[in-house]
Amino acid sequence: MKKDDHLFLIDGSGFIFRAFHALPPLTRKSDGLPVGAVSGFCNMLWKLLTQARDTSVGVTPTHLAVIFDFSSQTFRKEIYPDYKAHRPPPPEDLVPQFSLIREATRAFNLPCIEMEGYEADDIIATYARLAVEAGGDATIISSDKDLMQLVGPRVHMYDGMKDRQIGVPEVIEKWGVPPEKMIDLQALTGDSVDNVPGVPGIGPKTAATLLEEFGDLDNLLANAETIKQNKRRENIIASRELVQISRQLVTLKQDCPVELPLEALSLEPQDGPKLVSFLKAMEFNSLTRRVAEATGAEAQAIDAAPVDVEWGTSAHGPDLDPGAGTAPAAKQAGSADVGQGTRPADLAAARAARFAALPIDRDGYETIRDLTSLQGWIEAARERGLVAFDTETTSLDAMQAELVGFSLALYDEDAKDKPVRAAYVPLTHKSGHDDLLGGGLAEGQIRFDDALAALKGLLEDEAVKKIAQNLKYDYLVMRRHGITVKNFDDTMLISYVLDSGMGGHGMDALSEKWLGHQPIPYKEVAGSGRNMVTFDHVDIARATAYAAEDADVTLRLWLVLKPRLAAEKVTSVYERLERPLLPVLAAMEERGISVDRQILSRLSGELAQKAAALEDEIYELAGERFNIGSPKQLGDILFGKMGLPGGKKTKSGQWSTAVQVLDDLAAEGLPLPSRIVDWRQMTKLKSTYTDALPGYIHPETRRVHTSYSLASTTTGRLSSSEPNLQNIPVRTAEGRKIRTAFIATPGHKLLSADYSQIELRVLAHVADIAQLKQAFADGIDIHAMTASEMFGVPVEGMPGEVRRRAKAINFGIIYGISAFGLANQLAIERSEAGDYIKRYFERFPGIRDYMEKTKAEARDRGYVETIFGRRIHYPEIKSSNHQVRSFNERAAINAPIQGSAADIIRRAMVRIEPELAAAGLGDSTKMLLQVHDELIFEVEDAAAEKAQAMIVDVMENAAMPAVSMAVPLKVDARAAQNWDEAH
DNA sequence: ACGTACACCTA
DNA sequence: GTAGGTGTACGTC
């Protein structure tokens, strides 16, 4: 190679992925072979070979090579085992294209270079260096930022898809640093795709600023102490060592022992017939024609080349099986049950130690493909009386999900090295790919009905304990096939009872926490986004690894967690408040509630008209059109352009346009803020409710089925989602109209029963406040009583404003009051709010004592308790950060109150259905919804009165006999045609 | 496609 | 001041 020679280095691996995602899907016509990326690749190569001078590269190559990754096992994994650890498998349609692209390269008569242990980027770096040393130039065909560190006066990059040259100025423009500092920048920011660690909170912009200021990374790390921003300084200092590793990871190796010398990359003339033969085989007709014309080959006379396609696991291509080799090495095993005593605490500790040490063996999972084997597993489960169970389906929505398969796991106590074995039973996996027929059933699956019949016997067997994670989901799926799971445990609920406040209770989090094991992410099995497939299109071997692992992990979690319930004395919380609620909620979800589409549609139209009219007024008043829904644009108009007073900033420095701010401006008589507040209300109601709710109407049941989460609050409350039916508007008349769309079926009524002031009653009970207890016993207006005590105003003829303030204080107490918060709520000075609180505590010293006692308990034990023994942990209550500590203190004060109320309604919910059934109301009265202190039923007209009395009775006595409340619980109930009138 | 900020609905 | 979920805008991968 000599001066003026020009080497093109094509990043083949990068191109494959980019082409696949950027280009429309293309398949070979005759057999559906996916070839979109191959087509893009061939077109680009041809263009570069024939017209490079006419593109923005502007030169014709004299040398050219296409470089590929060999495998993901490179020297970088030795430096940092997690490097590229989270890579999902390539999309199914891309797999066969890896080998095709290599064949394409050879068909073009070009060197195809890959080296074991090195990434394509390293080889490119090496050849670029060699070319420059030989006096030539190099152009790298790629847009990957990882290669930008190589850019210099003699080395350029070219983005073939955008026809854009990338030189030193372009790198600076995009990243804010010159190419030689790209390594430092990448080390600082890290790379989430390749799993290169960086400094948290530092992105490209911050990194560039820092490098500008300190010159380079070494200098930055040496002088990190001088950085002003607290968080940033701490993060950089804490990440020092990782950043050094990251620098090694992102630095390309320019001295790979390449086999081919530069001379071997010299461009040779095309072998027309060979190339045409390949292109014909790919059925790229227009390119075939162009190449034939240019090379003088007789396209008609040339046969399509035989092409081998590698569909499965290939020696090439990155991480086709990310499951392999990523299982953590066994930790210090220690002998299995040494030290195991008979006490639950010892058992729990020994189990935790044992299973954390025992690696998970995905290769040992079995795929059950015939009924006899399944019956064998079921028999084994019966012998043990214990089996872990998990379903695989087509949807996260249990009401829509189609069963695809299920997995089982069994425990062999005596098998020291392999105590858990697991299997997957595929049922409705599809064969083949997206062909026109949609793919029939894959072979080797048990007939659906036969498998379900066998499974039904097991799941409904009271003598066999079924263990699952988040069983409510599987329970519902099985219910829809006529199976009711009996005798179960749910590891999610066990964890929730044991460790509320200590992090999530999902399987991945629990597995990581207790087993030190990361289960295969769902994304890696089914893909994500545009490429996601439903589970029935996952290859059965992969599905087995994923599904059986879930059952395996669930069983291990149960073995670790279950003994802790007794050891930590919270068994009754689990057995009385959690486990029995699961079937109750499943039934409520399965029933759903009837929502009138027409009412919502009419409301939506009304809201749209009102919003449109307001929009016109707003644009007129503002003097220009803008996006009213953008707080940023709105803030700029109000406080920038119009210069209105009273602007406050949000914590990110934007103008606040919160309703409080706008209301203040509206109170000054300004029309614009008031229109905006109205517009917000209209569009909120429209988008969140009238437009969204109809989309949740189930196609078959024609009802709306929310999903309740039993374990996503810290306090014991439920949460509702998809849709959230716990936040349907009620405060304003406009909003309440939405509730009129929730209706009873003909011949029925909706019955709403809600606890009156339940949290204040709980407070009166737990804090033992004489005046409060007396007031509730006498049925006095509690807020008026509070106001009377505090301000010495008689209850008779009390001004509304006085009562409103007392009410805000009462709520404040429940929320762990602060002067800051109360001042905000009442729009008064902080000092005035402080005075109120002081006066309140003078009148109700017992409340102050209770709060101090609760905080001390949280500090001493790390948790607080509800009156039924539910524990809520506050691991950060001793934080040295004042804000964090105060927040935890307020939450700890609130938790026993909110949580006890939540426990009471849970108890009511568990009891209500058996009571109704015993009274012969089981068929006529159905519980549908729970909204924290309210239960909504659908009841036949004739049964409404009797049901109402019974429901009120159960709810008011729900704390008994576990706790005898020092104040009565009061429940208001009403039945009507819709939820608005019933409430 | 995904995450965060903001705003706002409920108890 | 407690506990949630969702829609929109907007920035980044």
Side-chain angles (χ1 to χ4, degrees), chain A residues 21 145 189 191-194 203-205 500-501 523 527-532 627-635 650-662 676-677 680-681 683-689 691-693 696 706-709 712-732 734-736 738-739 754-755 757-759 763 808-826 830 833 837 851 872 886-899 901-902 905 929-934 983:
Chain A
H21 292 289
K145 70 167 188 312
T189 57
D191 186 328
S192 57
V193 177
D194 291 347
K205 293 292 176 221
S500 183
K523 276 201 302 202
S528 69
R530 189 167 76 80
N531 300 306
M532 187 153 74
N627 183 348
I628 311 169
S630 161
K632 187 164 125 62
Q633 293 183 32
L634 178 60
T650 66
K651 64 176 171 237
S652 65
Q654 282 294 323
W655 291 112
S656 167
T657 64
V659 69
Q660 290 211 335
V661 174
L662 299 181
I676 289 164
V677 170
R680 284 226 182 116
Q681 197 199 4
T683 52
K684 171 80 181 178
L685 293 176
K686 183 171 185 294
S687 69
T688 310
Y689 302 103
D691 290 353
L693 279 172
Y696 287 102
T706 184
S707 173
Y708 288 105
S709 170
S712 58
T713 72
T714 49
T715 56
R717 276 191 176 179
L718 303 177
S719 75
S720 155
S721 62
E722 288 180 293
N724 181 356
L725 295 185
Q726 292 182 322
N727 73 346
I728 303 302
V730 70
R731 229 179 61 255
T732 64
E734 197 69 37
R736 265 201 304 279
I738 311 251
R739 291 194 172 215
D754 69 297
Y755 284 105
Q757 312 278 16
I758 188 169
E759 294 191 348
L763 174 68
I809 293 167
N810 277 332
F811 273 101
I813 295 298
I814 290 169
Y815 297 154
I817 201 155
S818 79
F820 181 85
L822 184 63
N824 254 340
Q825 176 67 29
L826 287 175
R830 193 131 55 136
I837 294 169
M851 289 184 163
I872 300 112
S886 298
F887 178 78
N888 277 273
E889 287 174 352
R890 290 192 296 272
I893 288 167
N894 172 257
I897 303 170
Q898 190 186 116
I905 197 164
L929 303 178
Q930 190 252 41
V931 192
H932 306 309
D933 64 0
E934 175 187 15
H983 184 74

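Not measured: the values here are computed from a predicted model. Naming convention: chains lettered A, B, ... in sequence-line order (proteins, then strands); numbering from 1 in each chain.
The NE2-P distance, from A/His932 to C/dA3, rounds to 13 Å in whole Å. In this structure, A/Leu685 atom CG and B/dA7 atom P are separated by 18 Å, rounded to whole Å. Following rounding to the nearest Å, A/Gln681 (CD) and C/dT8 (C1') show an atom-to-atom distance of 17 Å. Atom CD of A/Gln898 and atom P of C/dG4 are 7 Å apart (whole Å). One can place CG of A/Asp933 at 10 Å from C1' of B/dT10, the figure rounded to the nearest angstrom. Look at CD1 on A/Ile676: it is 18 Å from P on B/dC6, rounded to the nearest Å. The CD1-P distance, from A/Ile738 to C/dG5, rounds to 20 Å in whole Å. One can place CD of A/Gln757 at 12 Å from C1' of B/dA11, the figure rounded to the nearest angstrom.
Put simply, OG on A/Ser818 and CG on A/Asn824 are 8.5 Å apart, with the number rounded to the nearest 0.5 Å. Going from atom CG of A/Leu763 over to atom CD1 of A/Ile758 covers 12.5 Å, rounded to the nearest 0.5 Å. Separation of atoms CG (A/Leu634) and CZ (A/Arg680) is listed at 6.0 Å; rounding is to 0.5 Å.
Counting any heavy atom pair closer than 4.0 Å across all strands shown, A/Gln654 reaches no nucleic acid atom. Counting non-hydrogen atoms under 4.0 angstrom, A/Ser712 reaches the backbone sugars and phosphates but no base. A/Arg717 comes within 4.0 angstrom of a nucleotide base, judged by non-hydrogen atoms across all strands. Backbone-only engagement by A/Thr714 is indicated by non-hydrogen atom pairs under 4.0 Å involving sugar-phosphate atoms exclusively. Note on A/Gln633: only backbone sugar-phosphate atoms sit closer than 4.0 angstrom, heavy atoms only; bases stay farther off. Counting any heavy atom pair closer than 4.0 Å across all strands shown, A/Ser818 reaches a base atom. Contact annotation for A/Ala833: no contact, since no heavy-atom pair falls under 4.0 Å across all strands. Looking at heavy-atom distances under 4.0 Å, A/Leu725 makes no contact with the nucleic acid at all. Within the nucleic acid shown, A/Ser720 comes within 4.0 Å of sugar-phosphate atoms alone, with no base atom in reach, counting heavy atoms only. Contact annotation for A/Ile814: no contact, since no heavy-atom pair falls under 4.0 Å across all strands. Here A/Gly629 lies in heavy-atom contact (under 4.0 Å) with sugar-phosphate atoms only. In this structure, A/Ala901 reaches neither bases nor backbone, as no heavy-atom distance under 4.0 Å exists between it and the strands shown.
A close approach under 4.0 Å does not occur between any side-chain nitrogen or oxygen of A/Ser656 and OP1 or OP2 of B/dC6. Checking the phosphate oxygens (OP1, OP2) of C/dG5, a side-chain nitrogen or oxygen of A/Ser719 falls inside 4.0 Å. When the side-chain nitrogen and oxygen atoms of A/Asn724 are compared with OP1 and OP2 of B/dC9, none of them lie within a distance under 4.0 Å. Remark: A/Arg680 is not in phosphate contact with B/dA7, judged by side-chain N or O atoms under 4.0 Å from OP1 or OP2. In terms of phosphate contacts, A/Ser687 brings no side-chain nitrogen or oxygen within less than 4.0 Å of OP1 or OP2 of C/dT6. A close approach under 4.0 Å does not occur between any side-chain nitrogen or oxygen of A/Thr688 and OP1 or OP2 of C/dG7.
Of the listed nucleotides (B/dA11, B/dA7, C/dT6), C/dT6 has the atom at the smallest distance from the side chain of A/Ser721. For A/Asn727, whose side chain is taken as the heavy atoms from C-beta onward, the closest listed nucleotide among C/dG11, C/dA3, B/dC9 is B/dC9. Across C/dT2, B/dT10, B/dA7, the shortest atom-to-atom separation from the side chain of A/Arg739 is found for B/dT10. Taking every side-chain heavy atom of A/Arg731 into account, B/dT10 is the closest of B/dA7, C/dG11, B/dT10. Of the candidate nucleotides B/dC9, C/dA9, C/dT2, C/dA9 has the atom lying nearest to any side-chain atom of A/Ser630.
Two residues are said to be in side-chain contact when any heavy atoms from C-beta on lie closer than 4.5 Å; A/Ile897 and A/Tyr815 fail this criterion. Between A/Gln726 and A/Leu718 there is a side-chain heavy-atom pair separated by less than 4.5 Å. Between A/Ile814 and A/Asn894 the shortest side-chain heavy-atom distance falls below 4.5 Å.
Side chain A/Lys684 to base B/dC9: no donor-acceptor pair is found below 3.5 Å.
The two residues A/Ile893 and A/Ile813 make their nearest non-hydrogen contact at CG2-O, 4.2 Å.
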